[in-house]
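Written out below as structure tokens is the structure these notes cover.
Naming: A, B, ... by sequence-line order, numbering from 1 per chain. Below, each value reflects all heavy atoms present in this structure, side chains not excepted, and no hydrogens, waters or symmetry copies. Being a predicted model, the structure only gives us computed values, none of them experimental.
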Amino acid sequence: MTDQAMSDQAMSDRAVDRGMTAAAGERGRFRLGRLNVEVRREAGAAWRAFLTAASVALGLGLSAAILVAAGVPAANLVDELLVQTLFDGQNLHAVLFQAAPLMLLGLAAAMAFRVRFWNLGLEGQMIFGGIGATAVSLAGVGPESLRLPMMGLAAIVFGMAWTSVPLLLKLKVGVNEIISTLLLNYVAMNLLFHLLYGAWKDPRDGFPHSPAFAPFETLPTIAFDLSAALVVALAAVAFCVYLLARSRAAIYMRFVEASPSAARALGVPVAGVTIFAVLLSGALASLAGFVIVSGQEGRLTQSFFHGYGVSGVLIAFLARSNPLAAAIVATLMATLYVAGQNLQVFYAIPGAMVQLIQALVVICVAASDFLVRHRVRWVR
Amino acid sequence: MSKVRICALVALAIGAATPTVAQEVFKVEGAPKVAIVLFGPKNDGGWSQAFEEARPSLEKVMGATIPVVDKVPEDAASITPPVERFIQRGHNVIIGTAFGYSDTFKKLSEKHPKVAFLNASGITNGPNLESFYGRTYQSQYLCGMVAGAVSKSGKLGFVAANPLPVVNWTINAYELGAKKMNPNATVTVVFTGAWNNPVKERAAAAALIDQGADVIGQHVDTPTPQIVAQERGVYGTGHHRDLSEFAPKATQCSSIWTWAKFLGPELEAIKAGNWKPQPYGAFPGIKEGGTDVACCGSAVSAEAKEKIMAARQAIIDGDPIFAGPLKDRDGKERLAAGAKIDDAGLWKMDWFVEGVVAQQ
């Protein structure tokens, strides 16, 4: 039995003690009974799917109420918010454009979380990915036909090297990775600024961004006007799904996630598994930096990584570190973002309200986790 | 992490060095419909709010409401969807507001050759795309005069974002203005490395005051340096908007954007079908609308104010501010006697005039 399961069992035994008294209370004249909260062992896939769908619906419902209160006509809300976002070619394109790096970051966070390594350094790893790719472009390494894969490879190598810093700090001297990964983001950011304000400043206009990449250094558009970034992201999803379903490493990772000390006692190579998963996480995050720099910006800019770190952690959390779920959640996040911008265009509501709506949906989904892990019963 | 934005523009530097490209008239198809894409929140108290405040008068010009999308960060994935949506809905004049929109606006302008694009602090231009920025050294020169007039110690502090030409020229103009009122005035600069970082701005302003500065100038996006000046009982001068709103006792002058004055005629021209986007971007000063001052606070004497307003008129009449003989702080001659700086020189300014103390 894993640690988690054992503690679940213990909590279950205490569940009755934690029964909550319903509003009227036992001493009231109308005895309403009690609301009992019990920890459940296993929640079925169907129940999970239902809860997730219901929580998304609840979040959207609350958002709709807020929007209507803010003066948005209720009649065309569904059409403008959902139908136009998902069934309009241009919008779907925008969603997928955003979703590709989000998928990679969701996967990156998920892989690290699976070995209990709280990687909050996704943005720093993205920056190093961007720096690696740009270094290859600036140095003109390799022939033109191989430039793009070499940029991607350099991004991965740079990202993994950067990720190994907090990894070694944790494994060798026990530095808490939550602190080290988070703070190293600032070091990476200042290194980026150092390069962009110094050696890598665009000589053409003197402004702090790298020279624009050549056409063969930017991710091409493939079929249906979609960027190759999406192919990279989907390949990464497939790789992670396969890895977790088929490999021995994945089984070890489950041991480490459940309890590192128990896993060590059972002979699982805990350090090796941790190194593998965390470096994979860093590689995925740096790949996200590469697809943004090469596929979207066309050069190294000062702000290409902004906000992605938080999104990646959030996606992995909502997807419960499942790679396939991470891809779906990433697409949903991108949909929410594009739909939110559409609302601004249509109704001139402030950007802050769009963020409120996005947060509502996310909080509803996160809160549904409680019902996955607990059973609530009315006791008369 | 803090937002990084570069208020910077236009490769005028190239423009002045090469023969002028003929300006072509650009006509939008049908009646012009304007939309604005803002970088920050529309009530950010600074850069973005200055555009929001210009909107009502632009709406009057167009005779229609102008929709806005705010908080659009500087990456292609965020900029493209709202712009495409506006165009899909029939908007054919798109106004952007960030340096980081430059590349994406260039791509969009090529994809939509019948739509007019304008981008504040951008650096890309085209047959249907015009970047624009204000000659902020003019207004900061006047605020420097105010600082020189109200300072007792002659030691002025300046909180700046990044050492870029657009920032360097405000610092240099500030010092030149201060010297006009007090020949011994010096400006000590702290670069925070960020456009919007209230924590660092507070630390920088406090350190400058501790070192004896009794006026705090600024070229960052938040009013924090003014608020610190007020808390510490010294004076200050603001940037973007009239910051006396935040520090009524401290702020004696602010360099402000007057976008309605510049964009109004631009939109009129688009409406009339004779808009000529500048091949190297538009660079309006106090005369054309772009920048100006909100001046002066109660600490400025009537006599000083008269001088400052006379200097403002001189700028409108053509005073270049940066005129020879002018040496940098290392004693190197930058402008010979009788020479005036050109736009190429402004966009390359990587030196400081005598009297500027900076760590860079």
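Residue with the most contacts toward chain A among B/P81, B/S78, B/P165: B/S78 (heavy-atom pairs, distance under 4.5 Å). Heavy-atom pairs under 4.5 Å with chain A were tallied for B/H91, B/R89, B/K107; the largest tally goes to B/R89. Chosen from B/R85, B/K42, B/E84, the residue pairing most often with chain A at heavy-atom distances under 4.5 Å is B/R85.
B/P82 touches chain A through backbone and side chain together, each having a heavy atom under 4.5 Å away. With a 4.5 Å cut-off on non-hydrogen atoms, A/N91 touches chain B through its side chain but not through its backbone. Proximity to chain A is limited to the backbone of B/V68, based on heavy atoms less than 4.5 angstrom apart.
Interatomic distance, CG of B/D75 versus OH of A/Y308, reported as 5.0 Å (0.5 Å rounding). With values rounded to the nearest 0.5 angstrom, B/T80 atom OG1 is found 6.0 Å from A/F97 atom CZ. A/F207 contributes atom CZ, which lies 5.5 Å from atom CH2 of B/W347 (distance to the nearest 0.5 angstrom). Distance check, rounded to the nearest 0.5 Å: CG of A/L196 to CG of B/N162 gives 11.0 Å.
With a 4.5 Å cut-off on side-chain heavy atoms, A/S303 and B/E74 count as touching. With contacts defined as side-chain heavy-atom distances shorter than 4.5 Å, the pair B/F86/A/V345 qualifies. Taking 4.5 Å as the limit, every side-chain heavy atom of B/T104 sits out of range of all side-chain heavy atoms of A/E297. Contact check for A/R299 versus B/D103: side-chain heavy atoms found under the 4.5 Å cut-off.
Taking the six-membered ring where the residue is Trp, B/F99 and A/H209 present parallel rings, their angle staying beneath 30° rather than reaching 60°.
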* Show the numbers, then the answer: is there a side chain to side chain donor-acceptor pair (under 3.5 Å) between A/Q344 and B/D70? => CA-CA 8 Å; A/Q344 276 199 283; B/D70 68 346; 2.6 Å; yes
* Can you check side chain to side chain donor-acceptor pair (under 3.5 Å) on B/K71 and A/Q355, steps first, answer last? -> CA-CA 10 Å; B/K71 297 181 79 162; A/Q355 284 179 324; 2.6 Å; yes
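The main-chain N or O of B/A76 is never found under 3.5 Å from a side-chain atom of A/Q296 such that the two would form a donor-acceptor pair.
In this structure, B/G193 and A/F193 approach most closely via the heavy-atom pair O-CE1, 4.1 Å.
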